[in-house]
A.B. asks: 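Next up is a structure, given as structure tokens.
A, B, ... follow the sequence lines: proteins, then strands. Residue 1 opens every chain. As the structure is a computational prediction, the values presented were derived from the model and not from experiment.
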Amino acid sequence: MEMITPAGQLFQYFITGITVGSIYAMVAVGFNIIYNVTEIINFAQGEFVMLGGLTMISFHVGLGLPLIAAFPATIIIVTLVGMLLDRMAISPIRQPTVLSLIIATIAASILLKGTAMFIWGKDPYDLPAFSGRNPINFFGAVIQPQYFWVIGFLIITVIVLTLFFEKTILGKAMSACADNPDAASLVGINVKQMILLSFALSAAIGAVAGIVVTPISLMEYDRGAMLAVKGFGAAVLGGLGSFPGAVIGGLILGAIESLGAGLISSGYKDAFALIVLMFVLFYKPSGIFGDIEVSRIKRF
Amino acid sequence: MLKIGKLPIFTFAFLIVIFPWVASQISGIEHYTDIMIFAGIYSLITIGLSLLMGYAGQISVGHAAFYGIGAYVSGILTARYGLNPWICMLAGVSVTGAVALIVGAPCLKLKGHYLAMATLAFGIIIFIIFNEETAWTGGPDGMSGIPGLSIFGFEFDSVEKYFYLVWGFVFAAFIFSVNIIQSGAGRALRAIHSSETAANAMGVNVSGYKILVFVYSAVLASLAGSLYAHYLNFINPATFDLFFSIKLLIMIALGGMHSLWGAVIGAGIITFLNYEWLHYFEEFEVIVYGAILLVVVIFLPDGLAGIPDMLKKRFGKH
Amino acid sequence: MNDISNENILEVDKVVKAFGGLMALFKPDFSVKKGIIKAIIGPNGAGKTTLFNVITGFYAPTAGTVRFKGQPISSLKTHEIADRGISRTFQTIELFGNMSVLENVMLGCHTRVRASFMAAGFCLPGARRKEKEIQERAMKILRFIGLADKCNDPAGSLPLGEQKILEIGRALASEPELVCLDEPAAGLNETETHVASSLIKAINAKGVTVLLVEHDMKVVMNVSDEIVVLNYGQKIAEGAPQEIRNNPKVIEAYLGGGT
């Protein structure tokens, strides 16, 4: 029976931290995509993660679809939900004010949560791990293989998104929208479509996060809110609107939470990320990579 | 909804006075008095929130925290230490006010989404504390043995008596808030909502007023929490969760943010939804709340109280 | 009664204001004598509104100070400066659109008369008395500026010219000793400009020192006792209107290639 050394224990917390941090990073990336194009903070971002997990369970465990089929099917469903959110909750608002948009996305998040509760009930569900549950010994820490899937998918997401925004026409159009929606529409970019696309992309990323994390921490109908707040914390920590910021912010936030829970108090686990969020908002709202003047100029 | 005349106020008072009797006369709705106690408790909170959000233009997605702090301070001091409940209520108000001051000062420098998220995070942190500090609060299982309220020997030990107590508080808070709105302070709040730049330039201490109205709304929530604790004689953290903060938002949005009447009406409707109409349809509860909020924000941005003005605009021009 | 008639009510002492790498103000240095009307002019981008914002406490200067009645005010917050007796209007109108004409001016009285939160909430007699007083003061100002008959109209419903007048009226409600008008004639037609100019002179006649930023040269020449010229954040000339009119540096600044 191997004893875990204190250093190993610390490393263990750290690995757990960047795993859960990868999820926060993906939620943060989702926030940024919508925020960059619309300047809206989508309070329902966490619900995409929740829906990704639960829908995957229904396809894979409920219907017996193999992973290869259930994965894309889930992404498609949640993406459609994201697009529905834009069409039903955001675009219909005639005179968008900051307050009404906040309330609209909160309303959407409750609706999604309520629907999930209606469909799946209140119990948590499990998803089989992608490559089994035999723990791997990694430099003194004992790691579930699923952890590597999570971190791996974060890396894949970052690469895919970077290629999308820099190499494809659609991605460049979205970036243009983010920079200057008026100029973008002048050169023929359909801003409304770009907004829809941003919601679709964010939902898809959220779904991926939900699918890969469920084998580790199960999934239930009301997980969305906490994920949204912590994901927002990651986004703000890294600098709202910045992709490298979202990733770094997520990983740091996850590490802080994991170390805090392990070393200080496990009961207060959730509070650590929230305290970091409040501190960042109070003292450095532009975050690590954000630009203060930019964050002042932004409409909201 | 600025000029609040004497007639609506007297009607309000009259309705409060006769309600328990009316409810007791009609079969099937005797228990409405009990439900209305909760409507009153929630109204106390929404009146304060209305001033904060509708008049001063700020937002809080964490007000359940102040509701809970009032409840727990009252609960702990009366159940554990046997102190006079009214003194404890004052203690609750003081603690809540202090917390609101400490948290509000940095929070209210933020705007829009940042302010919403900061208050949301704060609300959850307090909720976690309620759950974790079991030695003080009894943890997730809650704490019981909270005594009822009495004054000079007169005990509020029946539903009717507690109804009048709660709605007495609501009425007083309502009048106080109307006075504020119609005064220079109310003007200052509305100026802040309209243009912080100009308000500052005219000598209004904008951050001071924001904190002041935030503390005021927290104090009302604290009183509501204490009244709640002494009514049920039992409290647990689940009552003071994020979803309750969101329910408060729904009450305000439904009733109408810019109207104190809206605050009371919104609280009333959601309370009846909660305890009466959706009682047997629990699976739909969350969906209904979400749907109401969405419909209101898209089609009724000024809530139910804004309907008269909406109609005037549509049909007024001939 | 006292011999402060020649004293400087405002001193701008080598104020520097930098935004990152951009130097908006570089050591303009001038005073405003009590009781006069002084205009700040200069091409677009010269730093005039930035200077106003420094004086009224919206920006803290990077270096240098501003003194009001001999006391440094650069470290004070905007509302504290308003309390001291400096009032202002804005280039783009910042009226309170959600309030009536009367309520806008009543808000202007905030620094002079106000009831405390508690007194207002309990509707104490003192609070009620103060509210009446505020209303009377505001109506007096509305009569002075000629908008008394529109006192209950929503502020946003007024035509532009009257909105600018209303903003000046609101600035007067705090009984300032110095009022800073940011482009009071901008966007006004000839009649409205005439009304604005008359109002400025009438205000000054009541003993209020006026500092204004203005592009309309007719207005500037008409009302000003002294003029300060800024270009690229620096003072390039100062003096009586006639001197400025013939100053070659000023002419060159306006004609010699835009900003």
A.B. asks: Does C:Thr193 reach the main-chain N or O of C:Ala185 with its side chain, forming a donor-acceptor pair under 3.5 Å?
C.D. replies: no

A.B. asks: Please verify the inter-ring angle class for B:Phe122 with B:Phe66; under 30° counts as parallel, over 60° as perpendicular, anything in between as tilted.
C.D. replies: tilted

A.B. asks: Hey, which of C:Leu107, C:Asp83, C:Ile86 has the most heavy atom pairs under 4.5 Å with chain B?
C.D. replies: C:Leu107

A.B. asks: C:Arg88 versus chain B, heavy atoms under 4.5 Å apart: side chain, backbone, both or neither?
C.D. replies: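 The answer is both parts of C:Arg88.
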
A.B. asks: Give, as side chain, backbone, both or neither, the part of C:Arg170 having an atom under 4.5 angstrom from any heavy atom of chain B.
C.D. replies: both

A.B. asks: If you count heavy-atom pairs under 4.5 Å between each of C:Gly57, C:Ala120, C:Gly108, C:Ala127 and chain B, which one has the most?
C.D. replies: C:Ala120

A.B. asks: Do C:Arg84 and C:Glu80 sit within salt-bridge range, that is, some charged N less than 4.0 Å from a carboxylate O?
C.D. replies: no

A.B. asks: Does a salt bridge link C:Arg137 with C:Glu133, judged by any charged N lying under 4.0 Å from a carboxylate O?
C.D. replies: yes

A.B. asks: Out of C:Glu94, C:Glu131, C:Glu167, which one racks up the most heavy-atom pairs below 4.5 Å with chain B?
C.D. replies: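 Ranked by contacts with chain B, first place is C:Glu131.
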
A.B. asks: Check whether the side chains of C:Arg128 and B:Asn179 place a donor and an acceptor atom closer than 3.5 Å, and report yes or no.
C.D. replies: no

A.B. asks: Decide whether B:Tyr228 and B:Ser74 meet the rule of one side-chain donor and one side-chain acceptor closer than 3.5 Å.
C.D. replies: no

A.B. asks: Are any of the side-chain nitrogens in C:Glu103 or B:Arg190 under 4.0 Å away from the carboxylate oxygens of its partner?
C.D. replies: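 Here C:Glu103 pairs with B:Arg190 in a salt bridge, since their nearest N and O are under 4.0 Å apart.
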
A.B. asks: Does the B:Thr119 side chain pair with the main chain of B:Ser60, one donor and one acceptor, at a distance under 3.5 Å?
C.D. replies: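 No; judged by distance alone, with no hydrogens or angles, the pair does not exist.
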
A.B. asks: Please output the residues of residues 192-202 of chain B in contact with chain C, using a heavy-atom cutoff of under 4.5 Å, in numerical order.
C.D. replies: B:His193, B:Ser194, B:Ser195, B:Thr197, B:Ala198, B:Ala199, B:Asn200, B:Ala201, B:Met202

A.B. asks: As an exercise: rank C:Ala119, C:Cys123, C:Ala115 by heavy-atom pairs under 4.5 Å with chain B and give me the winner.
C.D. replies: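 The option with the most such pairs is C:Cys123.
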
A.B. asks: Check for me whether C:Lys17 meets the cation-pi criterion with C:Phe19, that is, NZ or CZ under 6.0 Å from the six-membered ring centre and within 45 degrees of the ring axis.
C.D. replies: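 Geometry flag: set, cation within 6.0 Å and 45°.
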
A.B. asks: Quick check on the interface: out of C:Gly121, C:Ala173, C:Ser87, who has the most heavy-atom pairs with chain B under 4.5 Å?
C.D. replies: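 Greatest number of close heavy-atom pairs with chain B: C:Gly121.
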
A.B. asks: Side chain, backbone, both or neither: which part of C:Phe117 has a non-hydrogen atom closer than 4.5 Å to chain B?
C.D. replies: both

A.B. asks: Look at the aromatic rings of B:Phe169 and B:Trp86 and report parallel, tilted or perpendicular, splitting at 30° and 60°.
C.D. replies: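 B:Phe169 vs B:Trp86 ring planes: parallel.
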
A.B. asks: Specify which of C:Met99, C:Arg114, C:Arg112 makes the most heavy-atom pairs with chain B at under 4.5 Å.
C.D. replies: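 Looking at each of C:Met99, C:Arg114, C:Arg112 in turn, C:Met99 comes out on top.
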
A.B. asks: Of the listed residues (B:Ala188, B:Ala191, B:Ser183), which shares the most heavy-atom pairs with chain C below a 4.5 Å separation?
C.D. replies: B:Ala191

A.B. asks: Checking B:Asp302 now: which residues fulfil salt bridge (Lys or Arg N to Asp or Glu O under 4.0 Å) with it, not counting sequence neighbours?
C.D. replies: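 So B:Asp302 forms no salt bridge (Lys or Arg N to Asp or Glu O under 4.0 Å) with any residue.
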
A.B. asks: Is the charged tip of C:Lys38 near the ring of C:Phe30: under 6.0 Å from the six-membered ring centre and within 45° of its axis?
C.D. replies: no

A.B. asks: Checking C:Ile81 against chain B: side chain, backbone, both or neither under 4.5 Å from a heavy atom?
C.D. replies: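 Neither the backbone nor the side chain of C:Ile81 comes within 4.5 Å of chain B.
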
A.B. asks: Checking C:Ile134 against chain B: side chain, backbone, both or neither under 4.5 Å from a heavy atom?
C.D. replies: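 For C:Ile134, the contact with chain B is made by the side chain alone.
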
